[in-house]
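Worksheet: the structure to be examined is printed underneath.
Note that the coordinates shown come from a computational prediction; the quantities given were computed from them, not determined experimentally.
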Amino acid sequence: MTVRLKDITGSDITCALSITSGSPIAVEIAASLGFRALVVDAQHGPVSPYSHEMAGMVRAADTVGTPVFVRLPESTPGCINRALNDGVAGIIVPYVTTVADAQAVADASRYPPVGKRGAAPVVRAAGYGVRDWDVYKDESTNRRIVLCLLSSKEATENIEGILAIPGIDGVALDIATLAREVGAETAAAAGLPHAVAAVSAAQQNGSTCAAVVQGDQFAREWKDAGCNLVVVESDTRVALGAMKNALGVLKGAVTA
């Protein structure tokens with residue numbers, strides 16, 4: 001069974017904000033503003049899936065019913081398991097280049113018979129043991145979206161094999177990294193034909209294809225290219241812009 005984006009967010013096309021600050025307050029604000037999904041960046045931000053921090057971020061979004069994906073810092077089974085145990089709606093797993101890498105992600109993400117994830121009834125996602133195990137097991141296997149983060153040209157060239165793995169629901173394209181790898185001057189689709197081809201392959205397969213971008217210009221461009229999940233970086237960048245603006249206003253007021 002493939003988990004569809006609409007099953008998680010209620011929409012075939014979704015814009016999500018990347019949360020790199022590690023702040024539950026930022027999560028609550030963004031969720032309250034109406035983002036259909038949020039992506040907690042544990043790969044570049046200060047949140048660790050090995051602590052209580054991730055659960056706190058998910059709880060903050062739960063207050064308004066907004067699904068939270070997590071961009072993991074690594075692709076190890078333990079890291080994947082901990083994030084899913086905290087009750088995230090989906091995971092974006094880095095360092096996937098080959099079909100074998102994707103198979104390892106699927107094995108770690110899904111309970112048998114789809115994967116090899118170990119049973120853990122007394123975790124947050126399972127209601128600390130209060131929920132019926134079989135109901136939770138079915139939900140975790142069939143209602144949690146698993147995306148492989150593609151950050152190299154080689155990975156995009158292997159996309160058909162990656163998407164063919166049971167338990168892998170789609171891919172996310174790390175647009176900035178893909179652009180740097182080939183020396184593209186910008187993150188424009190025109191300079192990344194291999195990424196555009198990957199989007200097309202995901203569309204033909206009926207899989208979710210996300211693009212992680214900076215700025216609204218590239219968000220629109222990659223949505224138009226066919227990505228149905230656009231992740232815009234980030235709450236920290238937004239805060240930086242607001243602080244610069246506030247500083248300008250205050251300097252103007254003092255010197256006026």
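Of all the heavy atoms in A190 and P193, the pair that sits closest is O-CD, 4.2 Å. Residues L72 and A83 come closest through the heavy atom pair CD2-CB, 3.7 Å. Among all heavy-atom pairs drawn from L173 and L149, the shortest one is C-CD1, 4.4 Å. Taking each heavy atom of W133 and A120 in turn, the nearest pair found is CH2-N, 3.8 Å. Closest of all the heavy-atom pairs between V96 and L150 is O-CD2, 3.8 Å. Contact detail for L5 and L229: the closest heavy-atom pair is CD2-CB, 4.0 Å.
D107 places none of its side-chain heavy atoms less than 4.5 Å from the side chain of P77. Between V146 and D169, some side-chain heavy-atom pair lies under the 4.5 Å cut-off. For the pair D224/E221, no side-chain contact is recorded, criterion being any heavy-atom separation below 4.5 Å from C-beta on. Side-chain atoms of E53 and V40, non-hydrogen and from C-beta on, never get closer than 4.5 Å to each other. Looking at R117 and S140, their side chains come closer than 4.5 Å, going by heavy atoms from C-beta outward. With a 4.5 Å cut-off on side-chain heavy atoms, D7 and R143 count as touching.
The side chain to side chain contact (heavy atoms under 4.5 Å, CB included) test with R71 is passed by exactly one of D174, V93, V231: D174.
At a threshold of 4.5 Å between side-chain heavy atoms, the hydrophobic network of Ile, Leu, Val, Met, Phe, Trp and Tyr places I92 and I162 in two separate groups. Linking ILVMFWY residues whenever their side-chain heavy atoms come closer than 4.5 Å, directly or via other members, places V171 and V232 in the same cluster. Follow the hydrophobic side-chain contacts under 4.5 Å out from I175 and you reach F218 in the same cluster. Under the 4.5 Å side-chain heavy-atom criterion for ILVMFWY residues, a single connected hydrophobic cluster contains both V88 and I80. Hydrophobic clustering (side-chain heavy atoms under 4.5 Å, transitive across Ile, Leu, Val, Met, Phe, Trp, Tyr) groups L38 together with V58.
Side-chain N or O atoms of R144 include none that pairs as donor or acceptor with a backbone N or O of R110 at under 3.5 Å. Under a 3.5 Å cut-off, the side chain of Y111 and the backbone N or O of D138 do not form any donor-acceptor pair. Judged purely by atom type and a 3.5 angstrom limit, E181 uses its side chain to pair as donor or acceptor with the backbone of K153. Side-chain N or O atoms of N158 include one that pairs as donor or acceptor with a backbone N or O of T97 at under 3.5 Å.
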List the steps and the verdict of side-chain contact (heavy atoms from CB on, under 4.5 Å) for L240 and T236.
CA-CA 6 Å; L240 174 62; T236 306; 5.7 Å; no

Begin from the C-alpha positions of W222 and L192 and carry the test side-chain contact (heavy atoms from CB on, under 4.5 Å) through to its verdict.
CA-CA 11 Å; W222 285 97; L192 300 172; 3.9 Å; yes

Could you please spell out the steps behind the side-chain contact (heavy atoms from CB on, under 4.5 Å) verdict for Y95 and S151?
CA-CA 8 Å; Y95 308 119; S151 302; over 6 Å; no

Using the side-chain contact (heavy atoms from CB on, under 4.5 Å) rule, take T98 and D101 through it: C-alpha gap first, then chi angles, then the decisive distance, then the call.
CA-CA 5 Å; T98 67; D101 294 336; 3.2 Å; yes

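Inspection of the R180 and T177 side chains reveals an N or O donor paired with an N or O acceptor under 3.5 Å. For the residue pair E154 / S152, no side-chain donor-acceptor distance below 3.5 Å is found, with atom types taken as modelled. Side-chain contact check for D41 and T20: no donor-acceptor pair (N or O, by modelled atom type) lies under 3.5 Å. Between N228 and R4, the side chains place no donor N or O within less than 3.5 Å of an acceptor N or O (distance only, hydrogens not considered).
Within the model, atoms CD1 of I25 and CE of M57 stand 10.5 Å from one another, a figure rounded to the nearest 0.5 Å. Annotation: the span from D62 atom CG to E28 atom CD amounts to 10.5 Å, rounded to 0.5 Å. With rounding to the nearest 0.5 angstrom, the CD1 atom of I145 is 10.5 Å from the CD1 atom of I91. Summarising the geometry, atom CZ belonging to F35 is positioned 10.5 Å from atom OG1 belonging to T66; distances are rounded to the nearest 0.5 Å. Atoms CD and OG1, on Q203 and T208 in that order, are 11.5 Å from each other to the nearest 0.5 Å. Here the CZ-OG distance, from R237 to S18, works out to 10.0 Å after rounding to the nearest 0.5 Å.
Between R220 and D216 there is a salt bridge, since at least one side-chain N of the basic residue sits less than 4.0 Å from a carboxylate O of the acidic one.
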